[in-house]
Undergrad: 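Here you go, one structure.
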Amino acid sequence: MDDGGASRSGGRLEALAPGQAIPFGGDRVAHVSPELAAAFRAGDRLVVVQDTGDLLHIPAREQAAAAGAVGRATAAFARMGEVPDDAITAFFEAFAARLEDEGVWTRIAAANAADVEGARARGRSTTRLAATDAMRRDMVAGLRAWRDAAPPRGRVLERVDHAGWSVEQVMAPLGVVGFVFEGRPNVFADATGVIRAGNTVVFRIGSDALGTARAIVAEALDAALAESGLPQGAATLVDSAAHAAGWAMFADSRLSLAVARGSGPAVAQLGAIARQAGTPVSLHGTGGAWMVADETADAERFYAAAYHSLDRKVCNTLNTCCIVASRADELIPVFLDALEKAGQRRRGCKLHVAEADFDRLPERWRTARGVVVRAEGPVEEALAEPIADDRLGEEWEWEETPEVSLKIVADAAEAVALFNRYSPRFAAALIAEDPAAHDRFYATIDAPFVGDGFTRWVDGQYALNKPELGLSNWENGRLFARGGVLAGDGVFTVRARVRQADLDLDRGGAPTPPRAG
């Protein structure tokens with residue numbers, strides 16, 4: 001039989017050689033490094049990222065950790081169909097109550113303090129790692145929001161009636177949802193929101209917060225599962241600090257949805273792994289909002305919007321500001337004033353300016369130096385520095401010092417073009433008094449989140465009153481049939497269910513013949 005030139009083999013990869021050619025992308029080749037060849041052992045896995053040619057080594061122990069966790073979540077999902085919604089409601093209350101318990105929280109906080117100290121010693125950012133009292137309150141509130149949410153599974157979305165029969169389109173659980181996220185302990189609780197719709201969840205958290213995650217599992221999560229009668233494994237942790245465990249989890253085709261949050265390149269890589277395994281993804285790796293002030297901008301509105309968009313560094317913080325040239329002499333000082341005021345409630349400020357526009361800054365901004373708080377500690381830097389236009393989309397991951405980019409544009413259309421070309425296509429705001437300008441902006445900007453004021457509204461809990469599992473930018477294209485805010489009740493599939501009353505239904509019109517005898 002002609003197989004079209006295809007080659008088949010049932011062998012297993014047991015070793016790699018330095019310089020070994022590995023095809024990827026259909027017509028390109030990557031080569032095995034000496035370090036990879038030396039580290040690879042029989043039983044390990046090699047994942048070839050078809051988008052980039054990255055050769056990812058997954059040691060057998062990390063593969064086993066991920067496969068075991070996904071396996072437990074898969075087995076739990078097989079039982080979730082028999083779990084009543086009341087038990088799911090009880091789970092969220094039990095989880096919240098455990099986090100409210102002072103003894104439980106004391107032990108979680110101790111583990112978190114150790115994580116924070118370890119991360120700080122490695123020069124890592126701890127801005128979002130600390131499990132503060134405010135974070136604790138938000139976790140509890142989020143869990144109780146899911147407790148009180150209407151159960152989505154079984155909800156009839158549509159009913160079509162026919163003569164003698166009907167069809168219903170019914171919401172149903174999707175399956176196992178895999179999460180890889182950075183060191184934010186609150187996301188660990190938020191992600192259990194997918195259980196509200198009858199799904200199960202498996203997590204892999206960054207090494208900085210792994211101790212905190214282990215404590216949450218041991219002190220609160222597992223106890224809440226047992227108390228409510230949910231199957232063990234309905235929420236399970238991949239207990240590994242290695243990035244390879246995350247790669248292995250996202251390469252597992254048993255996942256029904258893969259969700260990644262963290263740094264841009266790492267998230268893009270994880271998304272590529274999941275997609276080539278056939279798993280839909282929800283990604284948010286690069287953030288940073290853009291703000292555009294056009295020729296009709298109100299100076300007070302612009303000032304307030306910029307100031308209130310710089311209260312702390314998260315994904316929806318103002319990152320890049322564009323001002324139209326016709327208003328630049330007036331609005332550049334307004335923007336700089338807002339930036340300085342934002343820095344006064346933090347620790348200083350830092351400005352990056354498009355190279356062509358650097359000379360438009362006041363002399364003080366062009367020559368002054370200041371202290372910028374970096375992950376490794378305070379450092380002295382220039383107050384303002386020029387950057388190329390192709391860096392306008394770079395997200396400034398600041399610690400305590402508000403850091404933004406500034407670009408002067410001919411008009412709002414140029415700003416939109418720059419956003420669509422260079423930004424991660426996430427969040428954008430237009431400051432304008434002209435309603436027609438807002439209509440043009442909305443129609444042409446390639447972003448899932450568009451506003452007319454401060455940018456920090458982009459948040460599921462804040463905007464939609466739903467605990468947010470993740471935000472998705474459009475860096476890898478628009479999302480099919482879903483919004484950019486991923487919430488627990490948005491993770492579902494649709495099943496069709498027929499109810500037949502007329503026993504003589506026949507596509508060919510034939511009646512039911514008499515039964516023999």
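Values in this document were obtained by computation on a predicted structure and should not be read as measured data.
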Undergrad: Which residues pass the salt bridge (charged side-chain N to carboxylate O under 4.0 Å, His left out) test with R196, not counting sequence neighbours?
TA: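 R196 satisfies salt bridge (charged side-chain N to carboxylate O under 4.0 Å, His left out) with no other residue.
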
Undergrad: Regarding E403 and H352, is there a side-chain donor-to-acceptor distance under 3.5 Å anywhere?
TA: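 Yes, H352 and E403 have a side-chain donor paired with an acceptor closer than 3.5 Å.
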
Undergrad: With distance as the sole test, does T279 use its side chain to make a donor-acceptor pair with the main-chain N or O of A258 at under 3.5 Å?
TA: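 No; zero donor-acceptor contacts below 3.5 Å.
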
Undergrad: Say you draw a straight line from OG of S256 to CG of N199; how long is it, rounded to the nearest 0.5 Å?
TA: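 One finds 7.5 Å between OG of S256 and CG of N199.
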
Undergrad: Taking the side chain from S423 and the backbone from N420, do they hold a donor-acceptor pair closer than 3.5 Å?
TA: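 Side chain of S423 to backbone of N420: no pair is present.
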
Undergrad: Is there side-chain contact between L46 and I58, with at least one heavy-atom pair below 4.5 Å?
TA: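 No, too far: nothing below the 4.5 Å cut-off.
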
Undergrad: Which pairs with one or both residues in residues 101-110 pass side-chain hydrogen bond (donor to acceptor under 3.5 Å, both in side chains), sequence neighbours excluded?
TA: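 For residues 101-110: E102-R136, R107-E219.
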
Undergrad: Can you find a side-chain donor-acceptor pair between N473 and R425 that sits under 3.5 Å?
TA: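 No pair is found: no donor N or O on one side chain lies under 3.5 Å from an acceptor on the other.
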
Undergrad: Could you pull out the closest heavy-atom pair between V373 and E399, with the gap in Å?
TA: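 Heavy atoms only, the tightest pair is O-CB, 3.5 Å.
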
Undergrad: Check whether any side-chain heavy atom of L16 sits under 4.5 Å from a side-chain heavy atom of L36, and report yes or no.
TA: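 Yes, close enough: below the 4.5 Å cut-off.
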
Undergrad: Between V238 and A69, what is the shortest heavy-atom contact and its length?
TA: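 Shortest heavy-atom contact: CG2-CB, 3.6 Å.
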
Undergrad: So does R144 pair up with E100, basic N to acidic O under 4.0 Å?
TA: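 Counted as a salt bridge, because a side-chain N and a carboxylate O are separated by less than 4.0 Å.
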
Undergrad: Decide yes or no on side-chain contact (heavy atoms from CB on, under 4.5 Å) for L257 and L486, but give the supporting numbers first.
TA: CA-CA 11 Å; L257 177 68; L486 181 69; 4.2 Å; yes

Undergrad: Are the side chains of P173 and M80 in contact, using a 4.5 Å heavy-atom criterion?
TA: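 Side chain of M80 against side chain of P173, heavy atoms only: no contact under 4.5 Å found.
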
Undergrad: What distance do T200 atom OG1 and R79 atom CZ have between them, rounded to the nearest 0.5 Å?
TA: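 It is 11.5 Å, given to the nearest 0.5 Å.
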
Undergrad: So, does R122 use its side chain to make a donor-acceptor pair with the main chain of G118 at under 3.5 Å?
TA: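 Flag set: sc R122 to bb G118 pair under 3.5 Å.
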
Undergrad: Any salt bridge linking R147 with E93? Criterion: basic side-chain nitrogen under 4.0 Å from a carboxylate oxygen.
TA: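 Result for this pair is yes, salt bridge flagged.
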
Undergrad: Mind checking the OG-CG spacing from S282 to L479? Nearest 0.5 Å is all I need.
TA: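 Output value for this atom pair is 6.5 Å.
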
Undergrad: Between the main-chain N or O of A119 and the side-chain N or O of D208, is there a donor-acceptor pair closer than 3.5 Å?
TA: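 No.
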
Undergrad: Any side-chain heavy atom of V177 sitting closer than 4.5 Å to one from L255?
TA: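 The answer is no, as the side chains (C-beta and beyond) never meet within the 4.5 Å cut-off.
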
Undergrad: Hey, are the side chains of F492 and L174 touching, using non-hydrogen atoms and a 4.5 Å cut-off?
TA: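 The answer is no, as the side chains (C-beta and beyond) never meet within the 4.5 Å cut-off.
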
Undergrad: Working to the nearest 0.5 Å, report the span between CZ of R204 and CG of D239.
TA: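 Reported to 0.5 Å precision, the distance equals 10.5 Å.
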
Undergrad: Without hydrogens or angle criteria, can the side chains of Q269 and W247 be said to hold a donor-acceptor pair below 3.5 Å?
TA: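 Side chains of Q269 and W247: pair found under 3.5 Å.
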
Undergrad: Specify whether F449 and W457 have parallel, tilted or perpendicular ring planes, treating 30° as the upper limit for parallel and 60° as the lower limit for perpendicular.
TA: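 F449 and W457: perpendicular rings.
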
Undergrad: Hey, could you give me the OG/CG distance between S240 and L210, rounded to the nearest 0.5 Å?
TA: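 Atom-to-atom, S240:OG and L210:CG are 7.5 Å apart.
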
Undergrad: Do E395 and K313 sit within salt-bridge range, that is, some charged N less than 4.0 Å from a carboxylate O?
TA: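 Counted as a salt bridge, because a side-chain N and a carboxylate O are separated by less than 4.0 Å.
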
Undergrad: Report the C-alpha separation of R72 and Q232 in whole Å, then their side-chain angles, then the decisive distance to 0.1 Å, and conclude whether the side-chain contact (heavy atoms from CB on, under 4.5 Å) test is met.
TA: CA-CA 8 Å; R72 291 190 292 276; Q232 289 295 317; over 6 Å; no

Undergrad: Does CZ belonging to R495 count more than 12 external heavy atoms closer than 6.0 Å?
TA: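 12 or below, so no.
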
Undergrad: Which atom pair, heavy atoms only, marks the closest approach of T455 to S309?
TA: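 Closest pair (atom of T455, atom of S309, distance): N-OG, 2.9 Å.
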
Undergrad: Could you tell me how the ring of H162 sits relative to the ring of W165: parallel (under 30°), tilted (30 to 60°) or perpendicular (over 60°)?
TA: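 Aromatic pair H162/W165 classed parallel.
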
Undergrad: Identify the two heavy atoms, one from R254 and one from G71, that lie closest to each other, and give their separation to 0.1 Å.
TA: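 Looks like NH1-CA, 3.4 Å.
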
Undergrad: Testing the basics here: between Q169 and A496, what is the closest heavy-atom pair and its distance to 0.1 Å?
TA: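 Shortest heavy-atom contact: OE1-CB, 3.6 Å.
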
Undergrad: If you apply the rule side-chain contact (heavy atoms from CB on, under 4.5 Å), what do you find for V202 with V176, and how did you get there?
TA: CA-CA 7 Å; V202 56; V176 179; 4.0 Å; yes

Undergrad: Would you call R421 and D389 a salt bridge, using N to O less than 4.0 angstrom?
TA: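 Salt bridge absent between R421 and D389.
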
Undergrad: Sub-3.5 Å donor-acceptor pair from the side chain of D115 to the main-chain atoms of G211, do we have one?
TA: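 Judged by distance alone, yes, a pair lies under 3.5 Å.
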
Undergrad: I need the minimum non-hydrogen distance between V281 and G271, along with the two atoms involved.
TA: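 Closest approach of V281 to G271: CG1-O, 3.9 Å.
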
Undergrad: Carefully, step by step, assess I195 and F92 under the rule side-chain contact (heavy atoms from CB on, under 4.5 Å).
TA: CA-CA 9 Å; I195 296 175; F92 287 113; 4.2 Å; yes

Undergrad: Are T192 and F91 packed together at the side-chain level, in the sense that at least one heavy-atom pair is separated by less than 4.5 angstrom?
TA: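 A side-chain contact under 4.5 Å exists here.
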
Undergrad: For F419 and W290, take the angle between the two ring planes, folded into 0 to 90°, and tell me which bin it lands in: parallel under 30, tilted 30 to 60, perpendicular over 60.
TA: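 F419 and W290: perpendicular rings.
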
Undergrad: Between I108 and L99, is there a side-chain heavy-atom distance shorter than 4.5 Å?
TA: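 A side-chain contact exists here, since the closest heavy-atom pair is under 4.5 Å.
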
Undergrad: Step through the shown structure and confirm whether more than 12 heavy atoms of other residues, nucleotides or ligands are within 6.0 Å of CZ on R61.
TA: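 Result for CZ/R61: open.
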
Undergrad: Would you indicate whether the side-chain heavy atoms of F250 and D252 approach each other to under 4.5 Å?
TA: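 A side-chain contact is absent here, since even the closest heavy-atom pair is not under 4.5 Å.
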
Undergrad: Got a sec, which residues hit side-chain contact (heavy atoms from CB on, under 4.5 Å) with R41, two or more places apart in sequence or on another chain?
TA: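 R41 satisfies side-chain contact (heavy atoms from CB on, under 4.5 Å) with D44 once adjacent residues are dropped.
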
Undergrad: Atom CD in E394, atom CD1 in I387: separation rounded to 0.5 Å?
TA: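 One finds 7.0 Å between CD of E394 and CD1 of I387.
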
